[in-house]
Engineer: 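Before I ask anything, here is the structure I am working with.
Only this structure's heavy atoms are used, side chains among them; waters, hydrogens and symmetry mates stay out. Because the structure is predicted, anything quoted here is derived from the model rather than measured.
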Amino acid sequence: MPRRFVWPKQDLVGAHQELTEPVVDLEGFFRGDEEAIKQASDIIKAACLQHGFFQVINHGVDLNLISLAHDHMHNFFKLPTCDKQRVRRMPGSIWGYSSGHADRYLSKLPWKETLSFGYNENCPNPIGIDFFNSTLGKDFEQTGLVYLKYCEAMKGLSLSIMELLAISLGVDRGYYKSFFEDGCSIMRCNFYPPCQEPGLILGTGPHRDPTSLTILHQDQVGGLEVFSDNVWQTVRPRQSALVINIGDTFMALSNGTYKSCLHRAVVNKYEERRSLAFFLCPKEDKVVRPPLDLVCNQGRRMYPDFTWSDLLHFTQKYYRADDATLQNFTKWIISPKSASL
């Protein structure tokens, strides 16, 4: 095992129990059933106060579309390495193909390959379909169209969840939905190859997502783990469910009320694993600031004003996302040094 992939022992403590995260049924929300909406928001509130993690069913996303997105992900990652390198992520960019993030880090490399691209429905070319055509050829033209539909569905679902989060926090129902409507989000395909020494490495190290909300669909292999009650706990894959977790940006938007979910991914000795992750982000220049009512109820601001562009710049240039990203970013953003950059 190359030393660059080996993780410290404290990061490799095993998970010996399964997380009993809530599964939220969204059918009543989409019907406009006020009692069901209240019940769903109460369940979400309890989860976000504890660990920032839950799953949703009857979410309105076509399961055939999810299956198709997995098929196209499989087709990409089975390509020869030389072909995948044609869309490699360039220095300073967050879009493209990466293997183990070896272009960014020298140690504690994740045992995975990723393909990342942006989604902005307000642009003429929302996910850069030309990106697939020009770099991978006509064989992948359909891939761009599939991910366009997938991202459209994820964005719609994420805005619905934002409504429920607002209700659960007791603020105007449309506050967060309108905040994110014009944002540019991130789509990422993850591939975790089998590893002969899974006890030494991690597919993804312990971290909280710097983004606002993550919607994940994982295959049935398993490997996602959440840190709750001071221990790592496994997350059982659910075929038709989508995983939801709160990120650092929304933690700031809730004035620290809701927890950004600390999680990681382990790998399998015999089976490969795949997942689809959609990261909801606000418009880059929009100021991240919690609703005034929330601040008044709590008595003070927990975090200073910042933009998503500020936090993205911090995590791409100066800091590797971990369990203390938001705290360290807060110190950085108010420092004289950051103001001069």
Engineer: Yes or no on ring pair (Phe, Tyr, Trp, His ring centres under 6.0 Å) for Tyr176 and Phe250, after CA distance, side-chain angles and deciding distance?
Structural biologist: CA-CA 9 Å; Tyr176 294 123; Phe250 192 83; 4.7 Å; yes
Engineer: I'd like to know if the side chain of Ser41 reaches the main chain of Leu164, judged simply by a donor and an acceptor atom lying under 3.5 Å from each other, with no hydrogens or angles considered.
Structural biologist: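 A pair under 3.5 Å: no.
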Engineer: Check whether any side-chain N or O of Ser309 sits under 3.5 Å from a backbone N or O of Glu284 as a donor-acceptor pair, and report yes or no.
Structural biologist: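 Answer holds: no.
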Engineer: Would you sort out whether Glu21 and Val235 count as a side chain to side chain contact (heavy atoms under 4.5 Å, CB included), showing the intermediate values?
Structural biologist: CA-CA 8 Å; Glu21 82 284 0; Val235 176; 4.2 Å; yes
Engineer: Would you confirm whether Lys155, through its side chain, and Cys184, through its main-chain N or O, come within 3.5 Å as a donor-acceptor pair?
Structural biologist: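 Answer holds: no.
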Engineer: Begin with the C-alpha distance, continue with both residues' side-chain angles, and end with the deciding distance and a verdict on side chain to side chain contact (heavy atoms under 4.5 Å, CB included) for Phe179 and Met162.
Structural biologist: CA-CA 9 Å; Phe179 185 84; Met162 282 297 154; over 6 Å; no
Engineer: Does Lys259 use its side chain to pair, donor to acceptor, with the backbone of Gln50 at less than 3.5 Å?
Structural biologist: yes
Engineer: I'd like to know if the side chain of Asp285 pairs up with that of Thr307 as donor and acceptor (distance under 3.5 Å, no hydrogens or angles considered).
Structural biologist: no
Engineer: Would Tyr119 and Val87 show up in the same hydrophobic cluster when neighbours are defined by side-chain heavy atoms closer than 4.5 Å?
Structural biologist: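 Yes: a chain of side-chain contacts under 4.5 Å links Tyr119 to Val87.
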Engineer: Sub-3.5 Å donor-acceptor pair from the side chain of Asn255 to the main-chain atoms of Arg300, do we have one?
Structural biologist: yes
Engineer: Within the 4.5 Å heavy-atom criterion, are Trp308 and Ser212 side-chain neighbours or not?
Structural biologist: no
Engineer: Give a yes or no on whether a salt bridge exists between Asp219 and Arg274, defined as a side-chain N under 4.0 angstrom from a carboxylate O.
Structural biologist: no
Engineer: Would you compute the distance between atom CZ of Arg273 and atom CG of Asn190 and round it to the nearest 0.5 angstrom?
Structural biologist: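 These two atoms lie 7.5 Å from each other.
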Engineer: Under 4.5 Å between side-chain heavy atoms, hopping through other hydrophobics if needed: is there a path connecting Val266 to Val13?
Structural biologist: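 They do not share one cluster, since no chain of ILVMFWY contacts under 4.5 Å joins Val266 to Val13.
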Engineer: Does a side-chain heavy-atom distance below 4.5 Å link Val24 with Ile161?
Structural biologist: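 No. Closest side-chain heavy atoms not under 4.5 Å.
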Engineer: Hey, what do you get for OH (Tyr97) to CD (Glu113), rounding to the nearest 0.5 Å?
Structural biologist: 3.0 Å
Engineer: Find the distance between CD1 (Ile333) and NE2 (His313) and round it off to the nearest 0.5 Å.
Structural biologist: 9.0 Å
Engineer: Among the clusters formed by ILVMFWY side chains lying less than 4.5 Å apart, do Leu115 and Leu148 turn up in the same one?
Structural biologist: yes
Engineer: Are Thr234 and Arg236 close enough that some pair of their side-chain heavy atoms sits under 4.5 Å apart?
Structural biologist: no
Engineer: I'd like to check Lys108 versus Pro8 (side-chain heavy atoms, cut-off strictly below 4.5 Å). Are they in contact?
Structural biologist: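 Lys108 vs Pro8: side chains touch.
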Engineer: What closest approach, in Å, do Pro291 and Tyr175 show between heavy atoms, and which atom pair accounts for it?
Structural biologist: CG-CE2, 3.4 Å
Engineer: To the nearest 0.5 Å, how far apart are CG in Leu276 and CD in Gln218?
Structural biologist: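 The CG atom of Leu276 sits 11.0 Å away from the CD atom of Gln218.
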Engineer: Do the side chain of Lys269 and the main chain of Pro198 share a donor and acceptor less than 3.5 angstrom apart?
Structural biologist: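 No.
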Engineer: When the ring planes of His207 and His263 are compared, do they come out parallel, tilted or perpendicular, using 30° and 60° as the limits?
Structural biologist: tilted
Engineer: Can you tell whether the side chains of Asp83 and Arg86 come within less than 4.0 Å, N to carboxylate O?
Structural biologist: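 Yes, charged N to carboxylate O under 4.0 Å.
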Engineer: So which atom in Thr257 and which in Gln298 form the shortest heavy-atom distance, rounded to 0.1 Å?
Structural biologist: OG1-NE2, 2.7 Å
Engineer: Do side-chain atoms of Arg301 reach the backbone of Tyr303 as a donor and acceptor pair under 3.5 angstrom?
Structural biologist: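 Yes.
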Engineer: Is the distance between the ring centroids of His59 and Phe30 less than 6.0 Å?
Structural biologist: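 That pair fails the under 6.0 Å test.
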Engineer: Taking atom CD of Gln39 as the centre, report whether more than 12 heavy atoms of other residues, nucleotides or ligands fall under 6.0 Å from it.
Structural biologist: no
Engineer: Using the ring of each side chain (for Trp, its six-membered ring), is His72 parallel, tilted or perpendicular to Tyr147, with breaks at 30° and 60°?
Structural biologist: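 Ring orientation of His72 relative to Tyr147: perpendicular.
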Engineer: Is a side-chain donor or acceptor of Arg264 paired with a backbone partner of Asp11 at a separation under 3.5 angstrom?
Structural biologist: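 Yes.
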Engineer: Write down the atom of Ile37, the atom of Gly28, and the distance for their closest heavy-atom approach.
Structural biologist: CG1-O, 4.3 Å
Engineer: Is Lys286 paired with Asp182 through a side-chain N to carboxylate O contact shorter than 4.0 Å?
Structural biologist: yes
Engineer: Please report the closest heavy-atom contact between Ile43 and Pro22, naming both atoms and the distance.
Structural biologist: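 Shortest heavy-atom contact: CG2-CB, 3.3 Å.
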Engineer: Between Glu152 and Glu121, does the side chain to side chain contact (heavy atoms under 4.5 Å, CB included) criterion hold? Intermediate values first, please.
Structural biologist: CA-CA 8 Å; Glu152 286 173 347; Glu121 74 233 57; 5.8 Å; no
Engineer: Do Met154 and Val61 touch side chain to side chain, with heavy atoms closer than 4.5 Å?
Structural biologist: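 In short, these two side chains touch, coming nearer than 4.5 Å.
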Engineer: Is there a side-chain contact between Thr211 and Leu280 in this structure, where contact means two heavy atoms from C-beta onward sitting under 4.5 Å apart?
Structural biologist: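 With C-beta onward as the side chain, the pair stays apart.
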Engineer: May I ask you to check whether Thr204 and Tyr192 show a side-chain donor-acceptor distance below 3.5 Å?
Structural biologist: yes
Engineer: Do the side chain of Ser67 and the main chain of Leu63 share a donor and acceptor less than 3.5 angstrom apart?
Structural biologist: no
Engineer: Quick one: pull up CG in Leu216 and CD in Gln55 and give me the separation to the nearest 0.5 Å.
Structural biologist: 9.0 Å
Engineer: Give a yes or no on this: more than 12 heavy atoms of other residues, nucleotides or ligands lie within 6.0 Å of atom CD of Glu35.
Structural biologist: no
Engineer: Kindly indicate, with the supporting measurements, whether the criterion side chain to side chain contact (heavy atoms under 4.5 Å, CB included) is fulfilled by Leu242 and His217.
Structural biologist: CA-CA 5 Å; Leu242 291 167; His217 187 272; 3.7 Å; yes
Engineer: Linking I/L/V/M/F/W/Y whenever their side-chain heavy atoms sit closer than 4.5 Å, directly or via other members, would Ile334 and Phe329 fall into one cluster?
Structural biologist: yes
Engineer: For a side-chain contact (heavy atoms from CB on, under 4.5 Å) with Leu19, tell me which candidate from Phe53, Trp232, Phe227 qualifies.
Structural biologist: Phe53
Engineer: How are the rings of Phe314 and Trp332 set to each other: parallel, tilted or perpendicular (split at 30° and 60°)?
Structural biologist: tilted
Engineer: Hydrophobic cluster membership, with links at side-chain heavy-atom distances under 4.5 Å among I/L/V/M/F/W/Y: are Val288 and Leu159 in one?
Structural biologist: yes
Engineer: Rounded to the nearest 0.5 Å, what separation is found between the OG1 atom of Thr315 and the CG atom of Asn328?
Structural biologist: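 So the gap between those two atoms works out to 12.5 Å.
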Engineer: Can you name the closest pair of heavy atoms from Arg320 and Pro110 and give their distance?
Structural biologist: NH2-CD, 4.0 Å
Engineer: In the structure I gave you, are the side-chain heavy atoms of Ser168 and Tyr258 within less than 4.5 Å of one another anywhere?
Structural biologist: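 A side-chain contact under 4.5 Å exists here.
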Engineer: Indicate yes or no: at least one non-hydrogen side-chain atom of Cys281 is less than 4.5 angstrom from one of Ile186.
Structural biologist: yes
Engineer: Could you pull out the closest heavy-atom pair between Leu253 and Arg289, with the gap in Å?
Structural biologist: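 In this case the closest contact between Leu253 and Arg289 is CD2-O, 3.6 Å.
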Engineer: Checking Asn75 side chain against Lys78 main chain: does a donor-acceptor pair fall under 3.5 Å?
Structural biologist: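 Between the backbone of Lys78 and the side chain of Asn75 there is no qualifying donor-acceptor contact (under 3.5 Å).
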